[in-house]
Amino acid sequence: MPELPEVETVVRALRDPLVGRTFSEFESYWPNQIVVPDDVEQLRARITGRTVTAISRRAKYIVMTLDGGEETLIVHLKMTGHLAVVPTSKPVHKHVRNLFRLTDGDDLRFRDMRKFGRIYLVTDPDEILAKLGPEPLEDPFTAEVFRQRIAGRTRIIKPLLLDQTIVAGIGNIYADESLFFAKIRPDRHADTLTKAETDLLWAGIRSSLQNGIDREGASIDTYVKPDGTKGDMQNAVSVFRRTGNPCYDCGTPIERIVLAQRSTHFCPICQK
DNA sequence: ACCGGAGCCTGTTAGC
DNA sequence: TGCTAACAGGCTCCGG
C-alpha cells in the first residue's frame, strides 16, 4: 500500500523519464478513476500536447505540473496503484486502467489491480491538496507543531495518525511503526499522551518515514517500484504484519487488533 | 468532535 | 479438490 515513502520513491523514479516529455494521446480503460474533469474527452483535450515540467509529491499524491502553468495532473495510487514510464511497444498489462502516450515512443501507464487509484486534472492543485496537514519530513513540522495539531483531540491515537488533515502521508504501516518507536499502545486516546510521549511519537513518525524512503518503500502487498523491483522496508518493520512473531526488543508475540476498521499491530509489553 | 458503517474493487486465502 | 466467503485497506460520504 503506497504511503509517503512509497510515493516519494515513485516520484523520484519518474522524474528523469517523465520531466520534459509531452503527452500525445490518452486511453482510458476504466474512466471511473478520473475524478475531474467529468469526462475522458475533456481530459484528453486538455493534456494532449502538454509537456510535464515538474513532478513532485504532496502527502500520498503525485503532482505533475504541465507547461503553461494552467494544468496540474494529480494521481493518487491508493492501494494497488503503480505508475511507470514504459515503451509503447511493450504489451499492455491487464491491470493498466489509464494510459498516457508520450511523443517519443513511451507511455506513462497507470496500473491498478483494484481500481481504487484516482486521477485529477485541475487548474488549481489546492482544489485537491488544500485540506492536507503538514508534510511530516519538512522543517516546519516540528515537535511543537505536532503537539499543537493533536492538542485537544480525544480520539484514539492510531486513527488520528491516519487522518490526513492532522499530518499528511502516514498510512497503516508507518502509523504502527511510529507507535512502536514511541512505545505507545495504538489504542491510547490522544489526550492521555504526555509531552514526552508526543515528542517521541513525532520522532517515530519522522524516523520511520525516513527509513521507508531510504529503503525505497515497503513491498508488503503489491507495491513495487516503477521498474518492477521491490523496496526493502518490509525487511525492516518492527510490528506491521508480524502478528504472532516475537518482538525484536522483548520477544513477546506481536498482537493484532482492529481500530477504526484497520488492522493494527503492536507489542503488548513494549508499548504502554 | 468523534465514531461506525457503507462503498469503491479484485486477487488471495481461509474454511467448509 | 473445488467452491464460496471473508479479507486486505486509503479515502469519502453519511447518519448518529
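Letters go in sequence order (proteins before strands), and every chain restarts at 1.
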Take atom [atom1] of [X] and atom [atom2] of [N], then tell me their distance rounded to the nearest Å.
| X | N | atom1 | atom2 | value |
| --- | --- | --- | --- | --- |
| A/Gln234 | C/dA8 | CD | C1' | 17 Å |
| A/Arg118 | C/dC13 | CZ | P | 11 Å |
| A/Lys60 | C/dT12 | NZ | C1' | 13 Å |
| A/Ile119 | C/dG10 | CD1 | C1' | 16 Å |
| A/Tyr120 | C/dC11 | OH | C1' | 8 Å |
| A/Asp163 | C/dG10 | CG | C1' | 12 Å |
| A/Phe116 | C/dG10 | CZ | C1' | 8 Å |
| A/Ile173 | C/dA8 | CD1 | P | 14 Å |

Requested in this report: Could you tell me whether A/Asp126 atom CG has more than 12 heavy atoms of other residues or ligands within 6.0 Å of it?
Outcome: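 Check passes, neighbour count above 12.
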Query raised in the report: For atom CD of A/Glu144, is the number of surrounding heavy atoms from other residues, nucleotides or ligands below 6.0 Å larger than 12?
Result: yes
**Report entry** A/Tyr174 and A/Glu6: side chain donor to acceptor below 3.5 Å
**Finding:** yes
**Report entry** A/Ile55: which of A/Leu73, A/Leu18, A/Val63 passes side-chain contact (heavy atoms from CB on, under 4.5 Å)
**Finding:**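 It is A/Leu18; the other options fail the test.
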Name the nucleic acid region contacted by [X], choosing base, sugar-phosphate or nothing; use a 4.0 angstrom heavy-atom cut-off, strictly under.
| X | result |
| --- | --- |
| A/Arg262 | base |
| A/Leu77 | nothing |
| A/Thr154 | sugar-phosphate |
| A/Arg256 | sugar-phosphate |
| A/Asn32 | sugar-phosphate |
| A/Gln261 | base |

Query raised in the report: How far apart are the closest heavy atoms of A/Cys267 and A/Cys270, and which atoms are they?
Result: SG-N, 3.2 Å
Query - Trace of the salt bridge (charged side-chain N to carboxylate O under 4.0 Å, His left out) decision for A/Asp187 with A/Arg185 - result: CA-CA 6 Å; A/Asp187 55 0; A/Arg185 280 183 62 103; 2.9 Å; yes
Requested in this report: Walk along DNA chain B from 5' to 3' and tell me the first and last nucleotide with an atom closer than 4.0 Å to a non-hydrogen atom of chain A.
Outcome: B/dC2 to B/dG11
**Report entry** Single hit among A/Asp112, A/Asp221, A/Thr222 for side-chain hydrogen bond (donor to acceptor under 3.5 Å, both in side chains) with A/Thr80
**Finding:**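 Of A/Asp112, A/Asp221, A/Thr222, side-chain hydrogen bond (donor to acceptor under 3.5 Å, both in side chains) with A/Thr80 is met by A/Asp112 alone.
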Report summary line: Between A/Ser263 and A/Tyr61, whichever has its closest DNA chain C nucleotide further toward 5' is A/Ser263
